[in-house]
2 protein chains.
Amino acid sequence: MNASRSSAAVEDYLERILELINTKGYARVVDIATSLGISQASVTNMVQRLDAEALLKYEKYRGMVLTTAGETLARNIARRHQLLTDFLKLLGLDERVIEHDVEGMEHHISPSTLRAIEALTAQLKRRPALLARLSKQRGAVS
Amino acid sequence: MNASRSSAAVEDYLERILELINTKGYARVVDIATSLGISQASVTNMVQRLDAEALLKYEKYRGMVLTTAGETLARNIARRHQLLTDFLKLLGLDERVIEHDVEGMEHHISPSTLRAIEALTAQLKRRPALLARLSKQRGAVS
DNA sequence: TAATTAAGTTAGCCATGCCTAACTTGAACT
DNA sequence: AGTTCAAGTTAGGCATGGCTAACTTAATTA
Ligand SMILES: [Mn+2]
Ligand SMILES: [Mn+2]
Ligand SMILES: [Mn+2]
Ligand SMILES: [Mn+2]
């Protein structure tokens with residue numbers, strides 16, 4: 001029923017859940033909470049909502065698995081995160097600034113904008129001289 | 001007192017209020033509402049909050065002026081909006097996609113990231129060949 | 001197996017930011 | 001001056017997404 005577009009919060013949860021599953025094999029409430037820096041109660045709440053929205057299947061006290069729909073969304077946001085990170089890294093920005101900015105921007109990038117930035121990143125990777133000039137033009141630090 | 005960072009909503013209001021003042025000479029509740037696509041009631045509410053936070057001075061039923069703090073914030077978000085728009089325009093994206101994406105991303109760009117994108121934009125403007133290759137590499141359309 | 005404790009859940013709360021409906025204010029026209 | 005009506009305000013409500021405190025479940029340990 002409810003096909004309304006995903007919120008930034010939903011995308012962040014799905015992204016983190018997929019990441020935990022990929023690295024640890026499973027996603028537990030306590031790990032999601034620690035990793036997102038929020039309370040376990042908030043995670044329980046959202047996990048139940050994601051279950052209701054059929055983005056994952058959750059068995060209380062047991063565990064969760066992403067549904068096909070949930071995994072598709074998760075992979076999609078993970079891809080936006082990765083491509084934006086790659087792009088900003090090229091510009092020589094500080095790691096933590098990149099992480100912060102990407103975490104916010106990733107929720108507002110249309111497919112066509114993403115493709116354009118992807119293409120630009122590929123081109124820039126072949127032009128180290130241009131990138132060097134960039135760093136020089138700015139303060140050269142962060 | 002309350003130095004907590006501004007929300008995206010606050011930034012959007014301030015940006016629009018400054019724009020109305022710059023183009024019409026004053027910002028009225030009804031115009032802010034129409035221009036942001038929200039109800040007058042919501043605008044009244046936020047305007048009163050911005051007054052309480054000393055970002056503008058509001059005289060009920062009369063009018064509003066930005067305080068120094070409010071104008072500083074407004075100019076700042078307007079600049080982020082402009083620079084991001086310039087950058088995405090360079091990539092040949094559709095106007096409406098740009099507007100949509102910028103409206104979201106502008107709230108998540110750190111000063112150093114902004115400077116980097118500004119420098120990149122300046123360099124790219126001197127390399128039309130690279131930009132042409134970019135458009136070709138993608139679908140060439142939006 | 002019984003006790004302990006980490007993990008998870010529930011209940012109740014709050015801030016933000018939006019809405020509609022109903023009312024008030026003040027400007028403009030007669 | 002009285003009427004009309006656009007603009008503005010207030011009241012009350014809702015969804016989202018956080019929180020803490022108290023309780024329950026289940027895994028571990030003695
Ligand atoms: Mn994010
Ligand atoms: Mn992310
Ligand atoms: Mn915006
Ligand atoms: Mn803007």
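Only a predicted model underlies this, so the values are computations on that prediction, with no experimental measurement involved. Each chain gets a letter, A, B and so on, in the order the sequences are listed, and its residues count up from 1.
Side-chain contact, A:Thr121 with A:Asp86: no donor N or O sits under 3.5 Å from an acceptor N or O. For the residue pair B:Thr113 and B:Ser110, no side-chain donor N or O sits within less than 3.5 Å of a side-chain acceptor on the partner. A donor atom on one side chain and an acceptor atom on the other are not found under 3.5 Å apart for A:Asn45 and A:Arg49.
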Begin from the C-alpha positions of A:Glu118 and A:Arg79 and carry the test salt bridge (charged side-chain N to carboxylate O under 4.0 Å, His left out) through to its verdict. CA-CA 11 Å; A:Glu118 189 179 15; A:Arg79 179 157 171 276; 3.2 Å; yes
B:His108 vs A:His108, test: ring-ring contact (aromatic ring centres under 6.0 Å, His included). Steps then yes/no. CA-CA 10 Å; B:His108 307 278; A:His108 307 280; 5.2 Å; yes
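Look at CD on B:Gln48: it is 13 Å from C1' on D:dA11, rounded to the nearest Å. With rounding to whole Å, A:Glu53 atom CD is found 12 Å from D:dA15 atom C1'. Separating the CD atom of B:Glu59 from the C1' atom of D:dA7 is a distance of 16 Å, rounded to the nearest angstrom. If you take CD of B:Glu11 and C1' of C:dT16, they are 15 Å apart, rounded to a whole angstrom. Rounded to an integer number of Å, the gap from A:Tyr26 OH to C:dG8 C1' is 16 Å. Taking atom CE on A:Met64 and atom C1' on C:dA7, their separation rounds to 12 Å, with Å as the unit. What separates CZ of B:Arg28 from P of C:dA27 is a distance of 11 Å, to the nearest Å.
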Contact state string [nucleotides 21-26 of chain C, B base, S sugar-phosphate only, - no protein heavy atom under 4.0 Å]: ----S-
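For A:Ser42, no side-chain nitrogen or oxygen approaches OP1 or OP2 of D:dG18 to under 4.0 Å. A close approach under 4.0 Å does not occur between any side-chain nitrogen or oxygen of A:Gln40 and OP1 or OP2 of C:dT10. Between A:Tyr13 and D:dG18 there is a side-chain N or O to OP1 or OP2 distance below 4.0 Å. Phosphate contact (OP1/OP2 of C:dT9, side-chain N/O of A:Tyr58, threshold under 4.0 Å): present. The phosphate of D:dC19 has OP1 or OP2 within less than 4.0 Å of a side-chain N or O from A:Ser39.
Where B:Asn45 and A:Gly37 each meet DNA chain D at their nearest nucleotide, the meeting point lying more 5' is that of B:Asn45. Projected onto DNA chain D by closest heavy-atom contact, B:Val30 and A:Ile38 fall at different nucleotides, the more 5' of which corresponds to B:Val30.
Across A:Val29 and A:Gln40, no two heavy atoms sit closer than the pair CG1-O, 3.8 Å.
In this structure, of D:dC19, C:dG8, D:dG17, it is C:dG8 that holds the atom nearest to the side chain of A:Val29.
Screening residues 56-71 of chain A for side-chain hydrogen bond (donor to acceptor under 3.5 Å, both in side chains) gives A:Glu71-A:Arg75 as the qualifying pairs, with residues at least two apart or on separate chains.
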